[in-house]
Amino acid sequence: MKLKRALKSGAIIPALLMLPNLAWMLFYSLDAGAKDAVPLPLSIAENVTRSIALTLPFFYSLNFKRAWSTAVSIGMTLSLALYYLAWARFFIGGGAVALLSAPLLAIPSPLALAPVVLLLLSSYLMNSWLMFSAASCFGVLHVWALSVSGQ
């Protein structure tokens, strides 16, 4: 019963997204000389929207009985699989920073796009326009920050 409740909780979305990030924080570090070229206001806006998009799911449940829930769940699973595959490539590749933004399966920056797609699709299962708006804003700012930084 607890597993069923956990799977319906929106909190599973940020938890699944943060697992590889946790491994990265524990076992890898960026080059000391690496400098972020993202302007401070853009970086702040991106991090604020990231925080909102990862916090909101804790206040929602996932409704798998909606009209398109099967298709949305498949899309979420594929985006999460792509995300994990990109992280696996990074870990297996010895933590090379270039792998963080390298295309995978003809998808540019899968570590940036896959979580945004997952968050956008999850907003449907949460039946939340607020979540959709937060994920959209985060997605735009995240891709913009990546393009500015040259990654």
Side-chain angles (χ1 to χ4, degrees), residues 1-28 30 38 42-151:
M1 187 63 156
K2 287 184 181 183
L3 178 62
K4 193 173 186 179
R5 189 176 309 145
L7 290 176
K8 286 188 174 185
S9 169
I12 197 163
I13 302 300
L16 290 172
L17 284 174
M18 294 310 293
L19 282 174
N21 291 280
L22 181 61
W24 179 51
M25 289 186 294
L26 292 174
F27 302 113
Y28 291 90
L30 290 176
V38 178
L42 176 57
S43 181
I44 291 171
E46 177 196 10
N47 284 313
V48 166
T49 58
R50 177 194 330 260
S51 298
I52 293 169
L54 291 175
T55 301
L56 279 175
F58 285 91
F59 300 100
Y60 291 97
S61 294
L62 301 174
N63 181 358
F64 293 102
K65 295 181 181 177
R66 296 193 67 199
W68 294 94
S69 63
T70 301
V72 169
S73 296
I74 290 169
M76 290 171 62
T77 302
L78 290 173
S79 66
L80 189 62
L82 175 67
Y83 185 65
Y84 284 168
L85 184 61
W87 272 111
R89 177 184 66 174
F90 170 77
F91 291 128
I92 292 169
V97 176
L99 293 175
L100 291 173
S101 59
L104 179 65
L105 304 174
I107 299 170
S109 296
L111 287 175
L113 296 177
V116 171
V117 170
L118 178 67
L119 291 169
L120 287 169
L121 290 173
S122 71
S123 71
Y124 176 80
L125 293 181
M126 292 177 203
N127 195 26
S128 172
W129 282 102
L130 184 58
M131 181 62 194
F132 181 80
S133 300
S136 297
C137 290
F138 168 62
V140 168
L141 292 168
H142 195 48
V143 170
W144 184 10
L146 279 175
S147 68
V148 168
S149 71
Q151 290 187 358

Pairwise distance [atom1]([X]) to [atom2]([Y]) - rounded to 0.5 angstrom:
X: L118; Y: T77; atom1: CG; atom2: OG1; result: 8.5 Å
X: M131; Y: S136; atom1: CE; atom2: OG; result: 9.5 Å
X: L80; Y: L85; atom1: CG; atom2: CG; result: 11.0 Å
X: L105; Y: R89; atom1: CG; atom2: CZ; result: 8.5 Å
X: R50; Y: C137; atom1: CZ; atom2: SG; result: 14.0 Å
X: L113; Y: L104; atom1: CG; atom2: CG; result: 11.5 Å

Taking the side chain as everything from C-beta on, heavy atoms only, tell me whether [X] gets closer than 4.5 Å to [Y].
X: L119; Y: L17; result: yes
X: V72; Y: R66; result: no
X: I13; Y: L62; result: yes
X: L16; Y: Y84; result: yes
X: M126; Y: L56; result: no
X: S69; Y: K65; result: no
X: F132; Y: S128; result: no

W87 and F91 aromatic ring geometry - parallel, tilted or perpendicular at 30°/60° bounds =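 Geometry flag for W87 against F91: parallel rings.
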
Ring geometry between F138 and H142 (parallel below 30°, tilted from 30 to 60°, perpendicular above 60°) |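 Ring orientation of H142 relative to F138: parallel.
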
Return the minimal non-hydrogen interatomic distance between [X] and [Y], and the atom names on each side.
X: A86; Y: P110; result: CB-CG, 3.9 Å
X: V38; Y: S43; result: CG1-N, 3.8 Å
X: A114; Y: S79; result: CB-O, 3.4 Å
X: P14; Y: P57; result: CD-CB, 3.7 Å

Could you tell me whether a side-chain N or O of T55 sits under 3.5 Å from a main-chain N or O of I52, the two making a donor and an acceptor?
->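 Not at all, since once roles are kept as given, no pair shorter than 3.5 Å links the two residues.
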
Spell out, as yes or no, whether a donor-acceptor pair under 3.5 Å connects the side chain of Y124 to the backbone of W68.
->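 Judged by distance alone, yes, a pair lies under 3.5 Å.
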
Side chain to side chain contact (heavy atoms under 4.5 Å, CB included) evaluation trace for F59 with L130 | CA-CA 11 Å; F59 300 100; L130 184 58; over 6 Å; no

